[in-house]
Chemist: 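Quick one: the structure is below, questions incoming.
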Amino acid sequence: AGAAARGRLSLLCPLLLLLLLLPAASAEPELRFRPPAEAPVRLFTEPELARYDGHQEGQPIYLAVKGVVFDVTSGKEFYGKGAPYNALAGKDSTRGVAKMSLDPADLTHDTTGLTEEELKSLDDIFNNVYKAKYPIVGYTSRRILNEDGSPNLDFKPEDQPHFSIKDEF
């Protein structure tokens, strides 16, 4: 009988220890596995993007290239109010980036008529400067939606290996 009691006691000890280590029943259960947070893709209309042009103190500074909206706040000395490239902020400045132009006529998404060299320059700057240096915070409505307002089924978010989701938002 003594051996049977010792056997039951040896089974109960780990259970008692487990009960002591568990949080109280009224506490929220802690999840050991949390699914990765899916970052929502933020859609920017032209007026919404214009709010982030670097002129309002304490507000982030955004600019879009190829329909991808980047947070360039860390480059405030380049894109902030009165800075040399502030004209690019608050809009999709794809053409201006491709042509390396701050001419107001070039500060647009429109790439019509760009030369092969300008398109190559655009891709290089897009990948090696903006995607490499600044977090993506969203996309312009032109990038996500078709002209009739329906979703662009070919839309794929940009891969940005240097940033994690938490860095982006």
Side-chain angles (χ1 to χ4, degrees), residues 28 30-31 33-169:
E28 289 272 336
E30 183 180 342
L31 297 177
F33 170 76
R34 294 192 190 278
E38 290 292 323
V41 174
R42 174 143 182 223
L43 178 135
F44 287 88
T45 62
E46 286 182 29
E48 288 170 327
L49 186 56
R51 289 187 226 155
Y52 302 96
D53 65 358
H55 287 107
Q56 191 170 341
E57 194 63 37
Q59 185 88 317
I61 304 168
Y62 297 162
L63 74 78
V65 178
K66 295 173 67 172
V68 180
V69 181
F70 295 94
D71 181 341
V72 295
T73 308
S74 65
K76 187 176 183 174
E77 66 275 12
F78 302 110
Y79 301 102
K81 184 178 181 180
Y85 302 115
N86 176 253
L88 300 172
K91 60 185 73 70
D92 188 328
S93 298
T94 302
R95 184 180 199 81
V97 169
K99 293 181 78 166
M100 295 185 193
S101 168
L102 296 176
D103 182 330
D106 289 329
L107 302 179
T108 177
H109 70 280
D110 188 9
T111 58
T112 306
L114 290 178
T115 66
E116 213 41 56
E117 186 177 307
E118 289 167 335
L119 291 170
K120 183 182 177 337
S121 174
L122 172 64
D123 285 341
D124 287 346
I125 294 168
F126 178 75
N127 289 310
N128 300 322
V129 176
Y130 291 105
K131 280 180 67 174
K133 190 171 182 180
Y134 300 108
I136 295 170
V137 294
Y139 299 88
T140 63
S141 53
R142 278 191 177 83
R143 175 85 185 246
I144 297 176
L145 303 175
N146 295 317
E147 285 186 32
D148 65 1
S150 64
N152 175 0
L153 300 178
D154 295 326
F155 170 76
K156 300 219 179 353
E158 287 293 323
D159 177 38
Q160 196 177 21
H162 303 296
F163 292 93
S164 67
I165 296 297
K166 69 178 178 59
D167 293 328
E168 292 186 32
F169 292 93

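What you see is a predicted model, and the numbers here were worked out from it, not measured in a lab. Only heavy atoms go into these numbers, but all of them, side chains included; no hydrogens, no water, no symmetry mates. We're numbering straight along the sequence, starting at 1.
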Chemist: Drop me the distance from D159's CG to I136's CD1, to the nearest 0.5 angstrom.
Modeler: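 It is 8.0 Å, given to the nearest 0.5 Å.
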
Chemist: Main chain of L88, side chain of S93: is a donor-acceptor contact present, judged purely on distance under 3.5 Å?
Modeler: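 Side chain of S93 to backbone of L88, a donor-acceptor pair under 3.5 Å: yes, one is there.
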
Chemist: Nearest 0.5 angstrom please: I61 CD1 to N86 CG, how far?
Modeler: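 The distance works out to 7.5 Å.
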
Chemist: Is V137 close to D71 at the side-chain level, that is, under 4.5 Å between some pair of heavy atoms?
Modeler: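 Counting from C-beta outward, D71 and V137 do come under 4.5 Å.
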
Chemist: With the threshold set at 4.0 Å, does a side-chain nitrogen-carboxylate oxygen contact exist between E46 and R142?
Modeler: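 Yes, charged N to carboxylate O under 4.0 Å.
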
Chemist: Applying salt bridge (Lys or Arg N to Asp or Glu O under 4.0 Å), name anything that partners D110, two or more places apart in sequence or on another chain.
Modeler: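 Expected list: none.
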
Chemist: Would you mind reporting whether F126 and V97 have side-chain heavy atoms less than 4.5 Å apart?
Modeler: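 No - every pair of side-chain heavy atoms lies 4.5 Å or more apart.
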
Chemist: First locate atom OG1 of T115, then atom CG of L122, and finally report the distance between them rounded to the nearest 0.5 Å.
Modeler: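 Between atom OG1 of T115 and atom CG of L122 there are 10.5 Å.
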
Chemist: With rounding to the nearest 0.5 Å, note down the distance linking OH in Y79 to CG in D53.
Modeler: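 Between atom OH of Y79 and atom CG of D53 there are 14.5 Å.
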
Chemist: About how many Å separate CG of L43 and OH of Y139, when rounded to the nearest 0.5 Å?
Modeler: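 Spacing of OH (Y139) from CG (L43) equals 11.5 Å.
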
Chemist: By side chain to side chain contact (heavy atoms under 4.5 Å, CB included), which residues pair with D148, not counting sequence neighbours?
Modeler: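 Only N146, S150 meet the side chain to side chain contact (heavy atoms under 4.5 Å, CB included) criterion with D148.
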
Chemist: Please check this pair: side chain of T94 against backbone of V65, looking for a donor-acceptor N/O pair closer than 3.5 Å.
Modeler: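 Absent.
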
Chemist: Nearest 0.5 angstrom please: D154 CG to R143 CZ, how far?
Modeler: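 One gets 11.0 Å once the value is rounded to the nearest 0.5 Å.
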
Chemist: Going by the side-chain hydrogen bond (donor to acceptor under 3.5 Å, both in side chains) test, name the single residue among T140, T111, N127, D123 that passes it with K66.
Modeler: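 Testing each of T140, T111, N127, D123 against K66, the sole residue satisfying side-chain hydrogen bond (donor to acceptor under 3.5 Å, both in side chains) is D123.
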
Chemist: Check for a donor-acceptor pair, side chain of S101 on one end and backbone N or O of G96 on the other, with a separation under 3.5 Å.
Modeler: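 It does not hold such a pair.
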
Chemist: E48: which residues meet the side chain to side chain contact (heavy atoms under 4.5 Å, CB included) condition with it, sequence neighbours left out?
Modeler: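 Once residues adjacent in sequence are excluded, the partners of E48 under the side chain to side chain contact (heavy atoms under 4.5 Å, CB included) criterion are F44, T45, R51.
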
Chemist: Suppose we call two aromatic rings close when their centres sit under 6.0 Å apart. Are F70 and Y134 close by that rule?
Modeler: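 No: the rings miss the under 6.0 Å criterion.
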
Chemist: Restricting to side chain to side chain contact (heavy atoms under 4.5 Å, CB included), what partner residues turn up for Q56, sequence neighbours left out?
Modeler: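 In terms of side chain to side chain contact (heavy atoms under 4.5 Å, CB included), with neighbours along the sequence ignored, Q56 is linked to Q59.
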
Chemist: Taking side chain as C-beta onward, heavy atoms only, is Y62 less than 4.5 Å from V72?
Modeler: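 Contact flag for Y62/V72 side chains = no.
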
Chemist: What pairs meet the salt bridge (Lys or Arg N to Asp or Glu O under 4.0 Å) rule with one or both residues in residues 89-99, with sequence neighbours excluded?
Modeler: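 Qualifying pairs, neighbours excluded: R95-D106, K99-D106.
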
Chemist: If you define the side chain from C-beta out and look only at heavy atoms, does anything of T73 sit under 4.5 Å from Y52?
Modeler: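 Side-chain contact under 4.5 Å: no.
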
Chemist: Sequence neighbours left out, what pairs pass salt bridge (Lys or Arg N to Asp or Glu O under 4.0 Å) with at least one residue falling in residues 72-81?
Modeler: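 As it turns out, the salt bridge (Lys or Arg N to Asp or Glu O under 4.0 Å) pairs with a partner in residues 72-81, which skip direct neighbours, are E57-K76.
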
Chemist: Between L102 and Y85, is any pair of side-chain heavy atoms under 4.5 Å apart?
Modeler: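 L102 vs Y85: side chains touch.
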
